[in-house]
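The figures here come from the full heavy-atom set of this structure, side chains too, leaving out hydrogens, waters and symmetry mates.
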Amino acid sequence: MEAKLSSDGSKSFELGDVVECLKEVGYGNYGCSHYRRRCKIRAPCCNEIFDCRHCHNEAKNSMDTDPLDRHDIPRHEVQKVICSLCDTEQDVQQYCINCGVCMGKYFCGKCKFFDDNVSKNQYHCDECGICRTGGKENFFHCKKCGCCYSKLMEDAHHCVQRAMHHNCPVCLEFLFDTMKDVTVLPCAHTIHLECVEEMQLHYRYSCPVCSKSIRDMTNVWRMLDREIASNPMPAVYQNKMVWILCNDCGANSHVNFHTIAHKCLNCNSYNTRQTRGGPTASCSSGMAEMVL
């Protein structure tokens with residue numbers, strides 16, 4: 001901040017320079033594991049002070065809390081914040097009314113949200129009703145799905161009613177306002193990216209919701225073709241037929257029974273389940289692990 005000499009010889013400061021200086025006071029030194037910010041919030045539900053809404057929700061939904069007392073903070077109802085530098089409690093606003101410090105370089109008055117880390121490119125989506133990251137110019141809001149998606153999939157994504165308004169099918173965390181990366185599977189169901197990666201580490205390649213394959217399994221199906229060809233069933237079972245349902249295309253097929261897996265006659269997928277004809281069998285993840 002540069003000082004300028006006034007007509008009487010004293011130093012004066014430009015207002016813009018003062019504001020910029022206040023943006024840096026205490027920057028990066030305050031906050032929690034979720035956000036870098038220079039204020040705390042008073043929860044309107046329990047009248048207690050927390051660093052952020054996630055800190056509140058973790059504390060109030062822990063195993064140590066009486067189940068009857070567990071709750072999430074109504075984020076849009078926050079009315080009071082406390083400056084981390086001077087401890088002044090005040091109405092929600094970006095700059096402290098007492099010391100003038102900027103309590104968050106990114107500030108959203110609608111969400112009552114502060115964050116000093118603006119590298120996330122935060123933006124507020126009026127249709128979602130919350131702030132998101134990644135830059136508004138890179139996302140579009142799908143009215144049917146009820147959430148924002150990357151513009152890279154705008155012309156190709158399959159709509160699912162309120163696609164993000166449910167829990168992750170693996171970890172059960174609510175997806176709509178999660179802080180973790182979310183991915184859309186080929187079947188259009190949504191799930192945490194890290195949960196998909198964890199599934200694949202354990203050779204799970206089907207959607208936990210609808211059981212459709214989540215990746216191109218062509219090479220795996222070819223290996224299963226060879227595996228089945230090299231392991232013929234005993235003569236007593238060679239003419240045994242069973243009905244199967246394909247998880248990928250939904251077709252029913254009448255096929256020869258085999259203990260390893262059953263192949264869909266419509267799309268050649270082994271992602272099937274036996275529906276009639278004796279002891280049930282399906283292409284298991286264990287089999288996928290054996291052939292990969």
Side-chain angles (χ1 to χ4, degrees), residues 142 144-145 149-150 152-161 163-164 166-173 175 178 180-292:
C142 176
K144 183 174 181 180
C145 294
Y149 288 136
S150 169
L152 295 176
M153 57 186 296
E154 186 169 5
D155 299 324
H157 91 287
H158 301 288
C159 288
V160 173
Q161 192 73 33
M164 297 271 280
H166 62 82
N167 296 338
C168 172
V170 174
C171 69
L172 303 182
E173 180 186 351
L175 289 175
T178 181
K180 301 174 184 176
D181 290 335
V182 175
T183 187
V184 183
L185 301 178
C187 56
H189 289 117
T190 49
I191 185 174
H192 283 131
L193 179 60
E194 66 179 39
C195 290
V196 173
E197 293 171 346
E198 182 70 19
M199 286 171 52
Q200 293 181 341
L201 288 176
H202 293 85
Y203 305 98
R204 303 287 177 177
Y205 301 110
S206 59
C207 172
V209 179
C210 67
S211 296
K212 292 183 183 294
S213 298
I214 63 175
R215 52 172 277 189
D216 183 1
M217 301 290 286
T218 303
N219 291 334
V220 178
W221 301 158
R222 287 172 182 164
M223 286 188 281
L224 278 172
D225 282 338
R226 295 193 292 269
E227 188 72 23
I228 290 173
S230 63
N231 291 276
M233 293 294 290
V236 66
Y237 288 110
Q238 286 184 359
N239 295 320
K240 179 176 175 57
M241 303 294 290
V242 294
W243 283 96
I244 61 170
L245 171 66
C246 179
N247 294 322
D248 286 335
C249 72
N252 288 284
S253 302
H254 199 215
V255 300
N256 289 99
F257 173 75
H258 203 287
T259 54
I260 294 179
H262 298 122
K263 185 176 184 176
C264 173
L265 299 181
N266 183 56
C267 69
N268 297 322
S269 169
Y270 278 101
N271 181 16
T272 62
R273 64 185 71 187
Q274 184 179 323
T275 57
R276 285 181 287 163
T280 58
S282 63
C283 180
S284 67
S285 297
M287 177 53 60
E289 178 179 355
M290 184 180 77
V291 298
L292 286 175

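With rounding to the nearest 0.5 Å, the separation of CG in D225 from CD1 in I260 is 11.0 Å. Here the CG atom belonging to N247 is positioned 8.0 Å from the OG atom belonging to S213, to the nearest 0.5 angstrom. Note that NZ of K212 and OG of S206 are 11.5 Å apart. Values are rounded to the nearest 0.5 Å. Between the SG atom in C142 and the CD atom in Q161 there is a gap of 9.0 Å [rounded to 0.5 Å]. To the nearest 0.5 Å, atom SG of residue C267 and atom CH2 of residue W221 are 9.0 Å apart. In this structure, CD1 on I228 lies 9.0 Å from CG on N231, to the nearest 0.5 angstrom.
Sparse packing is recorded around NE2 of H158, with 12 or fewer heavy atoms of other residues, nucleotides or ligands lying under 6.0 Å away. Surrounding CG of N239 are at most 12 heavy atoms belonging to other residues, nucleotides or ligands under 6.0 Å away.
P208 and V170 get closest at one heavy-atom pair: CG-CG2, 4.1 Å. Minimum interatomic distance between N266 and C249 (heavy atoms only, all atoms of both residues): ND2-SG, 3.3 Å. Residue N256 comes nearest to Q238 through the heavy atom pair ND2-O, 3.3 Å, listed as atom of the first residue, atom of the second, then distance. Contact record, Q200 with I214: NE2-CD1, 4.0 Å, taken as the closest heavy-atom pair.
Here the side chains of K263 and L224 are not in contact, with every heavy-atom distance at 4.5 Å or above. Under the 4.5 Å side-chain criterion, counting only non-hydrogen atoms from C-beta, C171 is not in contact with E198. Here the side chains of V220 and Y205 are not in contact, with every heavy-atom distance at 4.5 Å or above. Between M223 and Y270, the closest side-chain pair of non-hydrogen atoms is not below 4.5 Å. In this structure, N167 and L175 have side chains that are not in contact, with every pair of non-hydrogen atoms separated by 4.5 Å or more.
Legend: residues meeting side-chain hydrogen bond (donor to acceptor under 3.5 Å, both in side chains) with D216, ordered by chain and number and at least two apart, are T218. Residues forming a side-chain contact (heavy atoms from CB on, under 4.5 Å) with P232 (at least two apart in sequence, or on another chain): none.
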Stepwise ring-ring contact (aromatic ring centres under 6.0 Å, His included) check, F257 with H262 = CA-CA 7 Å; F257 173 75; H262 298 122; 5.7 Å; yes
Test log, rule side-chain contact (heavy atoms from CB on, under 4.5 Å), inputs N271 and M217 | CA-CA 9 Å; N271 181 16; M217 301 290 286; over 6 Å; no
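Here the side chain of S150 pairs a donor or acceptor atom with the backbone of L152 at under 3.5 angstrom.
A donor-acceptor contact closer than 3.5 angstrom links the side chains of D248 and S269.
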Please list every donor-acceptor pair under 3.5 Å in which a side-chain atom of residues 184-197 meets a protein atom from a residue at least two apart or in another chain.
| unit_1 | atom_1 | unit_2 | atom_2 | d |
| --- | --- | --- | --- | --- |
| T190 | OG1 | A163 | O | 2.7 |
| T190 | OG1 | H166 | NE2 | 3.0 |
| H192 | NE2 | T178 | OG1 | 3.0 |
| E194 | OE2 | K180 | NZ | 3.4 |

